[in-house]
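Worksheet: one structure, shown below.
These values consider heavy atoms only, across backbone and side chains, with no hydrogens, waters or symmetry-generated copies. Computed from a predicted structure; not experimentally measured. Protein chains get the first letters and strands the later ones, always in sequence-line order, with residue 1 at the start of each.
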Number of protein chains: 2
Amino acid sequence: MGTRKTAVFSETENELADLAKALGHPARVAILKELANRNVCVCGEIVDTLPLAQSTVSQHLKELKAAGLISGTVEGVKSCYCINWTAMERLKNLLEDCFKPCSDQNCAC
Amino acid sequence: MGTRKTAVFSETENELADLAKALGHPARVAILKELANRNVCVCGEIVDTLPLAQSTVSQHLKELKAAGLISGTVEGVKSCYCINWTAMERLKNLLEDCFKPCSDQNCAC
DNA sequence: AATATTCATCGTATTTTTGCGATGAATTTA
DNA sequence: TAAATTCATCGCAAAAATACGATGAATATT
C-alpha cells in the first residue's frame, strides 16, 4: 500500500504522469518559469527568488532533473541549470495525443 | 512541515501545479484517456478497465473532479463522468504561456 | 593557508498520497 | 418486499512528498 502501481499502466501513461507530477508543485512551476525567462542558465539565484530554504529548492531541482525537465552542469562552485525544451515539448505532445476528443461529442455531464 | 506552501506562490503557479498534480498519476491519466475515447459519458466501467479496487478508482475520480478536469452526474444508481475539455485546454494554455522561451537562447547546459 | 561561498546530501518531522476492504445509502431487479 | 447492483465514504496501513537545519565537500577569495 501507499505505493504507486506503475508496472500496471502503459509506458505512455507513466511517462505523462511522471512529467505532470514533476510539474505538480508551485515551487517547481516557479523554477521552470524562472529558467524559461533567463537565457543564461541560472544557478543558485533561483533560491533567492523563492521563499524556500536552500535545501528545499535543491530537492525540487533534483526532482525536475530526474523527470528530465531540466539539465544541470557544475560551473566551478556554482550549479547551473536550464530548461530542457525538448521535454517540455514532449509533455505538450503527450497531452495533445492522449486526450483527443472523439468525433461525436454528446456528453450530458 | 510536510505541508505545501501554496500561499506563497502566485495564482497561476498554483493553478498550473494543481492541474498537473491531478494528472500526475498513471491511473488518472488512464481514466482521462478512457473518458476522452468514449463519447458517451462513462461511469463504473472505468473500474473494469483499471487494475485497481473500486474504492481506489472512486478516489481518483474524486481528485480529478476536485481539480476540475472531469465532471460527474448521478444517473440513477450509476455515476456518470466525462472530461472537462475546457479545463484540459486551460492546462495546455497555462503550459504554453508560463514557459515561453526568451528570445536569445544560449544555454550551455 | 585560512576563510568564505555555493550547494548537494543526510537526518528528521509532518503531512499527503496511495491502496484496499468494509460499510452503507440509493436505486434496480426479481 | 426482498435481494442485488452501483458506488461514495470511512478507517486503516504503508509509502512518498514537503520542508528545514545541519553538515560537509568543492571551489573561490583574502
Side-chain angles (χ1 to χ4, degrees), chain A residues 1-9 13-14 17-31 34-35 41-67 69-82 109, chain B residues 1-9 13-14 17-31 34-35 40-67 70-82 109:
Chain A
M1 288 169 227
T3 325
R4 180 172 299 197
K5 295 172 119 190
T6 44
V8 145
F9 298 99
E13 282 159 0
N14 279 311
D18 286 346
L19 286 172
K21 194 174 71 145
L23 219 76
H25 192 290
R28 292 194 289 269
V29 171
I31 289 173
E34 194 65 24
L35 290 180
C41 305
V42 188
C43 51
E45 295 150 310
I46 299 165
V47 175
D48 295 332
T49 70
L50 294 175
L52 295 171
Q54 177 263 318
S55 57
T56 306
V57 175
S58 205
Q59 213 171 322
H60 283 305
L61 286 167
K62 193 178 172 185
E63 262 176 87
L64 285 170
K65 200 173 175 183
L69 284 169
I70 65 173
S71 58
T73 51
V74 179
E75 206 82 26
V77 74
K78 305 198 177 177
S79 276
C80 205
Y81 291 96
C82 56
C109 298
Chain B
M1 287 168 229
T3 325
R4 181 173 297 198
K5 294 171 118 191
T6 44
V8 145
F9 298 99
E13 282 159 359
N14 279 311
D18 286 345
L19 287 172
K21 194 174 72 145
L23 219 76
H25 192 290
R28 292 195 288 270
V29 170
I31 288 173
E34 193 66 24
L35 290 180
V40 182
C41 304
V42 188
C43 50
E45 296 150 309
I46 299 164
V47 175
D48 296 333
T49 70
L50 295 176
L52 294 172
Q54 178 263 319
S55 57
T56 306
V57 175
S58 206
Q59 212 171 325
H60 283 305
L61 286 166
K62 193 179 172 185
E63 262 176 88
L64 285 170
K65 200 174 176 184
I70 65 172
S71 57
T73 50
V74 179
E75 206 83 24
V77 74
K78 305 196 177 179
S79 277
C80 205
Y81 291 98
C82 55
C109 297

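- Two residues, B/Ala53 and B/Val77, neighbour DNA chain C, and the one matched to the more 5' nucleotide by heavy-atom proximity is B/Ala53.
- Dashed line: the shortest gap from a side-chain N or O of A/Lys5 to OP1 or OP2 of C/dC20 is under 4.0 Å.
- Rounded to an integer number of Å, the gap from B/Lys62 NZ to C/dC20 P is 17 Å.
- A/Pro51 approaches B/Val8 most closely through the heavy-atom pair CG-CG1, 2.6 Å.
- Put simply, NE2 on B/His60 is 16 Å from C1' on D/dC7, counting in whole angstrom units.
- Taking atom CD on B/Glu75 and atom P on D/dA8, their separation rounds to 13 Å, with Å as the unit.
- We find the OH-CG distance between A/Tyr81 and A/Leu61 to be 5.0 Å, quoted to the nearest 0.5 Å.
- Nearest-nucleotide positions on DNA chain D for A/Thr3 and B/Phe9 put A/Thr3 closer to the 5' end.
- In this structure, CG of A/Asp48 is placed 11 Å from C1' of C/dT6, rounded to the nearest angstrom.
- Taking side-chain N and O atoms only, B/Tyr81 has a distance below 4.0 Å to OP1 or OP2 of D/dA8.
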Open item on the list: Would B/Leu23 and A/Leu23 count as a side-chain contact (heavy atoms from CB on, under 4.5 Å) here? Give the steps.
Closed with: CA-CA 10 Å; B/Leu23 219 76; A/Leu23 219 76; over 6 Å; no
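- The interatomic distance linking A/Lys65 (NZ) with C/dT9 (C1') rounds to 14 Å, in whole Å.
- Note that CD1 of B/Ile46 and CG of B/Leu35 are 4.5 Å apart. Values are rounded to the nearest 0.5 Å.
- Using a 4.0 Å heavy-atom distance criterion, A/Ser58 is classed as a base contact.
- Spacing between atom CD of A/Glu63 and atom C1' of C/dT17 amounts to 14 Å, rounded to whole angstrom units.
- When each of B/Glu45 and A/Gln59 is assigned the nucleotide of DNA chain D with its nearest heavy atom, B/Glu45 is the one assigned upstream, toward the 5' end.
- In this structure, B/Phe9 and A/His25 have perpendicular ring planes: the angle between them is above 60°, well past the 30° mark.
- The shortest distance between the side-chain N/O atoms of B/Ser55 and the OP1/OP2 oxygens of C/dG19 is not below 4.0 Å.
- The phosphate of D/dC20 has OP1 or OP2 within less than 4.0 Å of a side-chain N or O from A/Thr56.
- For the pair A/Leu50 CG and D/dC20 P, the computed distance is 11 Å after rounding to whole Å.
- Non-hydrogen atoms lying under 4.0 Å from DNA chain C are contributed by nothing in residues 17-29 of chain A.
- Residue-level contact check: B/Leu52 touches the backbone only, with heavy atoms under 4.0 Å from sugar-phosphate atoms and none from bases.
- Here B/Leu52 contributes atom CG and B/Ser58 contributes atom OG; the two are 12.0 Å apart, rounded to the nearest 0.5 Å.
- Summarising the geometry, the separation between CD on B/Gln54 and C1' on D/dA8 is reported as 7 Å, rounded to the nearest angstrom.
- Scored by the side-chain hydrogen bond (donor to acceptor under 3.5 Å, both in side chains) test, A/Glu34 finds A/Arg38 as partners (sequence neighbours excluded).
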